[in-house]
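In what follows, every chain begins at residue 1, and chains take the letters A, B, ... in the order their sequences are listed.
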Amino acid sequence: MTEKDDRKLPKKEDLGKDPEEPAAEEKRIHPGEFSAARSWVASLVIAAASAAAIFFLTFDVSSPANAGWPQWTWAAFTSGIAFLIMKTGRVSRWRAVFFAVMAWGFVVRFKADLLGLKGSAFVTDAAQEVPYCHIALSSSILNSVYNQYLAVKSGAWREWGPLSLGFLWLAVTLALGQAWCSWVCWFGGLDDGFSRLLGKFRLRKLSLPPGLRDLPAGVLIFFVVVSMTSLKPEFCLWACPLKLTTGFLDPVDAVRKAQLAIFATIAVATLLLGPLILGKRVFCGLVCPFSAWQSLFGRINPFRVTVDAGRCTKCRACSWSCPTFSIELPPPSGTAAAALPRILPYCNRCGECVDVCPTGAISYTVLDRVPARTLFILTALALGAAVGGLFVPDALRMTVAALTGGGR
Amino acid sequence: MALTGLIAEGLGLGLSTGLYCLGACAPVLVPYLLAEEPRFRRDLMVVGQFLLGRLAAYLLLAVVVGLAGARLTAMPGWVTGPALLVCGLVLLGYAFMRGAPRLDACARASASPAVRNIPLLMGFLVGINLCPPFMAGLVRLATIGSVAGCVAYFTAFFAGTTVYVLPVLLAAPLKSVERLRAAAAIACGLSGLWFAGLGLAKLLRLS
């Protein structure tokens, strides 16, 4: 569905330019951004701060000499991303590069492990039922709670894994909230990457039929209940297309073949074709139950994306650019404040709207009050780099070894 | 066996296996309950109708098995596929009605008393499904040999399992969030697809 463009007519000299590309002379400073951040020195200082954070979060501080070139490369790469974000003022463009590299690293590392250990892209029954991740945990949370109850009751302390994961999730949610989905999730880089491949050739100005935005919440409710019924992670078994990037049980019988066919279809539609054609993150925005989960619990995190009513011109660029359909535009009636774009709880702080807003009216804040752009970007990047540090350096090493014929 | 003994036995079976019954009922009942308007009286009505439907299914089977008695050599497994399929289609229809309220047909349907009584039908369709505790109950029924005994046994079994179904009412306060009700309507549609798929698979003997 397209909406009528009611923006003011562009100036003659601006015709032919990408409307989402800010003019070169526009050196707007967003609230919360260091006023000198666009300078080389300030950007380098922030990149160095980012590198220090990554160093402490990902390296073995007691013996940093043990870190090899892949770890140093990863740290240099992420601090380079911090520098580029600060120097150019474009958050989402450089975040997307970082995010896509994370996704690539995860797939390479996981698949290489699978092929190396099992000699097959499929997992056997002996390994485990399905690979477990944050998306599977959220969509079968009652099963995990029940298993944890059994573990606690039986005194099987070694079975406390999910509880530790729970604390890890709580820490990450306190630090980043919904931003996990755009800065840390190692799957999100896939549809984010595909949604950018076609650039200007993708569909623009797409708005969603009402009600469809709540699809991930519906998916979450349904799979939580049905997983509890069967005591199996049903989303993981039947619907999650991301298993194509990790591993799935051998499709030895009709049920397994049906499952493989269903989630492969979902993968083609929501990870590949949807993002390519629509330029949107279709899986993250319309399917992933973890995004709904995080939109519910992410509110405990203080970072927000805030629209400044005084600077907003209601041009709608933010809503059209949002890759996860998370900015709602009320009908153009009523008071000026009521017509402001509304940031939905599903917003995962990717920064696309911050980048495209022609007046710099959208910014990162703490609780919609205190500007916090630089603080947010540093936090998100450091945490993303820390998680990526678990697999991207290995993926780098494997790739270089494969290219140079050195094996694994 | 004395009637009180049968009642105690049925209640014991229901109380010990009721969690499984919650597993069978929750995917149907929870999304529907969450999708309905946020009024506690309506919530009570939905759960009450659902339980009444289940009770009707139990009593029907109790009477049938009581009459058949020892002549019953095979459990009526053939009912499961069609029951699941119809249950799935009803849920799908409900989700469509909620998703397209501007359509004339949907607006008319949502106001009709038949639609308000959907939980009764769903309770009945879920009730005649052969889950393991229900199968255990049926096997025992076949040995009782009297209609009164069978009805008493299954009524007590129903009472025992109901203890586990009632806590779904605790989810009702969540409905104050409008978006959650919209999401629950979507979950109803997914649940409908799921049950219709299960029903079809059973009909085609794929599972």
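- Closest approach of A/Val219 to B/Leu190, counting heavy atoms only: CA-CD1, 3.7 Å.
- With a 4.5 Å cut-off on non-hydrogen atoms, A/Leu344 touches chain B through its side chain but not through its backbone.
- More than 12 heavy atoms of other shown residues, nucleotides or ligands fall within 6.0 angstrom of atom CZ in A/Phe297.
- Across every non-hydrogen atom of B/Val30 and A/Val225, the tightest pair is CG1-CG2, 4.2 Å.
- Of all non-hydrogen atoms in B/Ala187 and A/Gly218, the two that sit nearest each other are CB-O, 3.4 Å.
- B/Leu180 CG to A/Leu220 CG: the interatomic distance, rounded to the nearest 0.5 Å, is 9.5 Å.
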